[in-house]
Amino acid sequence: MPFVPVLHAEWIKIRTLRSLLGALAAVLVVTVTFSAVTAARADRSDPLYAVFFGVSLGQVAAVVFGALAVSGEYRGGALRLTLAAVPDRTRWFAAKAVAVALPVLAVGLLTGLVTLAVGRATVELTWEEGLRGVVGCALYLTLMALFAAGLAAALRSGVGTLGLLIPFLLIVSFVVGDLASGAADCLPDRAGQLALHSASEGPLGPWTGLAVTALWAGAALGVGAWGVRRRDG
């Protein structure tokens, strides 16, 4: 089966599952809400991060979306039916990854624009900073969703993936950052969020930080694709 029909089929799966649509909506609501609260109380030392602070919490919804979109295939023998229709496992997994990335990218752009509009009411940003924040927000959320999707394929479990990633994002990353800030800058979340800071004091800049997150996502997808090819459905 050609790639486009496979992608269309994967998109139908996503848009017909309320849990996945709810996760996408949560990306917008959580990010904008917490960003608005932070921007109103910001000390202005890092105005860009003050405006986009909510991304650090909204990313959890993006991770949930990516993990559930893939792990659903491992429940009730759904993957066997999928592979019966699309025997090329690599093509199927590539279509699944694109079907995860595109809606998160679209929601991420909308989230970035709304967050910027709300934040500019209380925090002064240049247009260059605002544009970087919007683009950085969309790319970062997309990469984290893909990172979760790759891990879900490797672990064959949404619960396992979320049980690993959510504590890491909310707790472990901050602890490591306090103990070894230089090494922590290369963690997937901290590296990507450099695009949401007005300035960077470490070796990575906003775009190189996103490139590091992209490497993490690519590695996770690579391991996930290997698992899909090697294991039985």
Side-chain angles (χ1 to χ4, degrees), residues 21-66 101-148 165-178 181 184-214:
L21 296 179
L24 286 176
V27 171
L28 173 63
V29 173
V30 172
T31 301
V32 173
T33 300
F34 281 93
S35 292
V37 172
T38 305
R41 300 180 178 180
D43 61 6
R44 308 300 191 270
S45 59
D46 188 345
L48 184 60
Y49 191 60
V51 171
F52 287 93
F53 174 81
V55 174
S56 62
L57 296 173
Q59 69 175 325
V60 173
V63 163
V64 169
F65 174 81
L102 290 180
V104 179
L105 181 62
V107 171
L109 285 171
L110 176 61
T111 298
L113 288 170
V114 175
T115 300
L116 177 62
V118 172
R120 284 177 64 89
T122 55
V123 178
E124 184 176 348
L125 291 177
T126 66
W127 283 109
E128 180 182 357
E129 287 178 321
L131 178 61
R132 172 153 65 88
V134 171
V135 175
C137 171
L139 292 178
Y140 175 70
L141 291 171
T142 303
L143 291 172
M144 292 305 293
L146 289 173
F147 183 50
L165 278 183
I166 292 179
F168 173 80
L169 294 174
L170 298 181
I171 301 173
V172 177
S173 181
F174 292 99
V175 173
V176 173
D178 291 337
S181 58
D185 285 343
C186 292
L187 294 176
D189 58 327
R190 293 177 70 95
Q193 288 186 38
L194 290 174
L196 305 176
H197 287 272
S198 299
S200 174
E201 298 179 356
L204 299 177
W207 306 119
T208 51
L210 282 170
V212 169
T213 304

Peer 1: Hey, is the main chain of Arg190 close enough, under 3.5 Å, to the side chain of Gln193 for a donor-acceptor pair?
Peer 2: no
Peer 1: Give a yes or no answer on whether the side chain of Thr208 reaches the backbone of Gly205 with a donor-acceptor pair at less than 3.5 Å.
Peer 2: yes
Peer 1: Any side-chain heavy-atom pair from Arg132 and Trp207 closer than 4.5 angstrom?
Peer 2: yes
Peer 1: Ala101: what forms a side chain to side chain contact (heavy atoms under 4.5 Å, CB included) with it, not counting sequence neighbours?
Peer 2: Thr142, Leu146
Peer 1: To the closest 0.5 Å, what do you measure between CG (Leu24) and CG (Leu28)?
Peer 2: 10.0 Å
Peer 1: Taking side chain to side chain contact (heavy atoms under 4.5 Å, CB included) as the definition, give me every residue that meets it alongside Val51, ordered by chain and number, with sequence neighbours left out.
Peer 2: Thr115, Val123, Leu125
Peer 1: I want to check something: taking the side chain as every heavy atom from C-beta on, are Phe147 and Leu165 in contact at a cut-off of under 4.5 Å?
Peer 2: yes
Peer 1: Would you be so kind as to tabulate the donor-acceptor pairs closer than 3.5 Å made by side chains of residues 103-110, with sequence neighbours excluded?
Peer 2:
none

Peer 1: Between the side chain of Thr31 and the main-chain N/O of Thr111, is any donor-acceptor distance below 3.5 Å?
Peer 2: no
Peer 1: Enter the distance from Asp189:CG to Thr213:OG1 here, rounded to the nearest 0.5 Å.
Peer 2: 7.5 Å
Peer 1: Would you please name every residue forming a side chain to side chain contact (heavy atoms under 4.5 Å, CB included) with Thr126, sequence neighbours left out?
Peer 2: Glu128, Glu129
Peer 1: Could you tell me whether a side-chain N or O of Asp46 sits under 3.5 Å from a main-chain N or O of His197, the two making a donor and an acceptor?
Peer 2: no
Peer 1: Do Phe52 and Leu116 have side chains that get closer than 4.5 Å, going by heavy atoms?
Peer 2: yes
Peer 1: May I ask you to test the Val118-Ser35 pair for a side-chain heavy-atom distance under 4.5 Å?
Peer 2: no
Peer 1: Between atom CG of Leu204 and atom CG of Leu194, what is the distance when rounded to the nearest 0.5 Å?
Peer 2: 6.0 Å
